[in-house]
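The structure appears right after this line, and notes come after that.
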Amino acid sequence: MSTTPLDAVLEAVAHGLSKPHHFWTLITILAAIAGGVLVTRAVMRRTQARLAVLREADPAHADKDPVRFSIEGVRRLAFPLATQALLWAGEGLLRVTKIIGSTADARLLRLAMTLFGAMAVIRLLVYVLRRVFRNFALITTFERVIAGTIWLVVALHVTGVLGDTVDWLESTRLPVGGSRMSLWALVTGIVAVVAALLVSLWAGSALEDRLMRADSIDANVRAVLSRVLRAVLVLFGVLVALSSVGMDLTVLSVFGGALGVGLGLGLQRIASNYVAGFIILLDRSVRLGDLIAVDKYLGRVTQITTRYTVVRSGDGTEAIVPNEMLIATPVTNHTYSDKKVRLSVKVSVAYGTELAPAFAMLEAAARETARVLAEPPPQALMLGFGADGLDLEVGFWIADPEEGRLGVQSEVAQKIYKAFDDSAVEIPFPQRELHLHGGVAQLQPSVTPRSPKVA
């Protein structure tokens, strides 16, 4: 009867450290683990220093994905690979010193090497999985938990305990509804669902990338199709996973009823936001890149999800607007049917100024600005008679309002000021005249002499 690695461990525990090769094997394993920890710390310092040098020399290159992927990968593999290398070196030293002379004596070392090698492979696979599903936040958050769980299963398999563990899980049953479910079925169901979710999310991401590159389809339609396809793939994957492990899908009717009650009682706002999101994407009343004003928010639409819309203002702040607000309240879409927007710059000139040359300078200042359209042409107008001068305005059109308005208005205003200054056109400012009647003497305050106080 062949012995398993677990039998070797139990034999070492039963005999204690009375046999020399058991004692020195334990010392070698502990020394390898300690050395792996020290090597990992040194690697961490070196990689951080290397990344700092790269950021100082070329910040854009240092933050690129391949560079960060390689550096973070080295950090994750440093401990298991260093420990395994030290275990190999330790086995060689023990064989040279004749402490162990057969393969049977080195079974504990080989078991430790196998476990640390599996740890390295699992850490690498989980890290690659996290990079592939970077939009799936659970993998990033629970990366160590996922890697540890997989490694624990591998460790149980290597030590020969996995079969007994599975038998215990199958014999332990939990009441679920009117039937009883084993713990093994529950665990396999969870694993199958997680695997199906990963595959569905990967397939959904791939389809979304293909759809987003299809320029012949409207952006809103692409967004709707990608979200619907991803939801269908996830639902299909979960159902297939549950049915593959033998789970009765009728138990999901309880969950469906609870979900319906929850939507009716407390989640109607969330549901309405989702429905409104699909309506917006389908009717294309608001599209990506549109310049809109809703409530107190004015900016460019940078993202439309099924629950909210992101509106980025000119100063860089982003407003998360619920989709229900875009349906229930009036929305001003400055680029709904035509992206061209009319802007204006107002200025006053002194009374007595010739208007024709002033109009020509206003229109020329607008025409010479890069973002101002030639058609429709800029037009100068007189707005009225102000208290200090004539109120004029030059109106002009731009085709890229999402790039901001203040910049082009400021540039036109600067050109107007320079043109007026060069042509000696006076820009008035408030002036008031004070007329004094009766002379300066009457402005002197009258002082009534006080009588001295008598003690």
Side-chain angles (χ1 to χ4, degrees), residues 133-137 197 200-238 256 259-343 397-405:
F133 299 101
R134 65 182 61 190
N135 294 328
F136 195 36
L197 282 175
S200 301
L201 289 172
W202 174 80
S205 299
L207 288 174
E208 184 176 1
D209 292 339
R210 293 290 300 271
L211 285 172
M212 289 305 176
R213 290 196 297 267
D215 297 332
S216 59
I217 306 177
D218 185 78
N220 285 22
V221 177
R222 282 179 281 173
V224 171
L225 289 177
S226 64
R227 285 166 175 79
V228 171
L229 287 176
R230 177 175 292 188
V232 170
L233 286 174
V234 170
L235 179 61
F236 178 75
V238 171
L259 180 62
V261 173
L263 291 175
L265 295 178
L267 302 179
Q268 64 268 26
R269 297 297 297 273
I270 298 177
S272 65
N273 281 323
Y274 276 94
V275 174
F278 279 103
I279 292 175
I280 292 171
L281 290 171
L282 289 174
D283 67 9
R284 293 181 289 179
S285 57
V286 176
R287 292 166 293 187
L288 293 174
D290 283 354
L291 182 66
I292 67 171
V294 53
D295 196 19
K296 58 181 179 180
Y297 309 109
L298 171 65
R300 181 168 58 92
V301 177
T302 58
Q303 185 180 1
I304 301 177
T305 68
T306 50
R307 190 181 65 85
Y308 60 85
T309 298
V310 180
V311 179
R312 183 180 179 86
S313 63
D315 58 0
T317 58
E318 293 180 328
I320 309 299
V321 181
N323 289 329
E324 184 185 14
M325 182 180 294
L326 299 177
I327 297 295
T329 61
V331 177
T332 303
N333 192 334
H334 297 275
T335 56
Y336 178 68
S337 59
D338 190 355
K339 293 185 66 174
K340 291 184 293 193
V341 175
R342 183 184 184 275
L343 304 179
W397 294 79
I398 61 173
D400 53 353
E402 66 276 4
E403 299 298 330
R405 305 183 179 193

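By convention here, the first residue in the shown sequence is residue 1. Only a predicted model underlies this, so the values are computations on that prediction, with no experimental measurement involved.
Expressed to the nearest 0.5 Å, how far CZ of Arg312 lies from CZ of Arg300 amounts to 7.5 Å. We find the CG-CG distance between Leu298 and Leu291 to be 5.5 Å, quoted to the nearest 0.5 Å. Here the OG1 atom belonging to Thr309 is positioned 12.5 Å from the CD atom belonging to Glu324, to the nearest 0.5 angstrom.
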As a quick check of understanding, evaluate side chain to side chain contact (heavy atoms under 4.5 Å, CB included) for Ile320 and Val310, giving each step before the final call.
CA-CA 5 Å; Ile320 309 299; Val310 180; 3.8 Å; yes
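Judged by distance alone, with hydrogens and angles left aside, the side-chain atoms of Asp290 form no donor-acceptor pair with the main-chain N or O of Asn333 at under 3.5 Å. In terms of modelled atom types and a separation under 3.5 Å, the side chain of Thr329 and the main chain of Met325 share a donor-acceptor contact.
What you find for Val331 and Leu326 is that their closest heavy atoms are CG2-O, 3.7 Å.
For the side chain to side chain contact (heavy atoms under 4.5 Å, CB included) criterion with Val311, the lone passing option out of Val321, Val286, Asp295 is Val321.
Taking the side chain as every heavy atom from C-beta outward, Thr302 and Leu288 never approach each other to under 4.5 Å. Using a 4.5 Å heavy-atom cutoff, the side chains of Leu343 and Ile398 are in contact.
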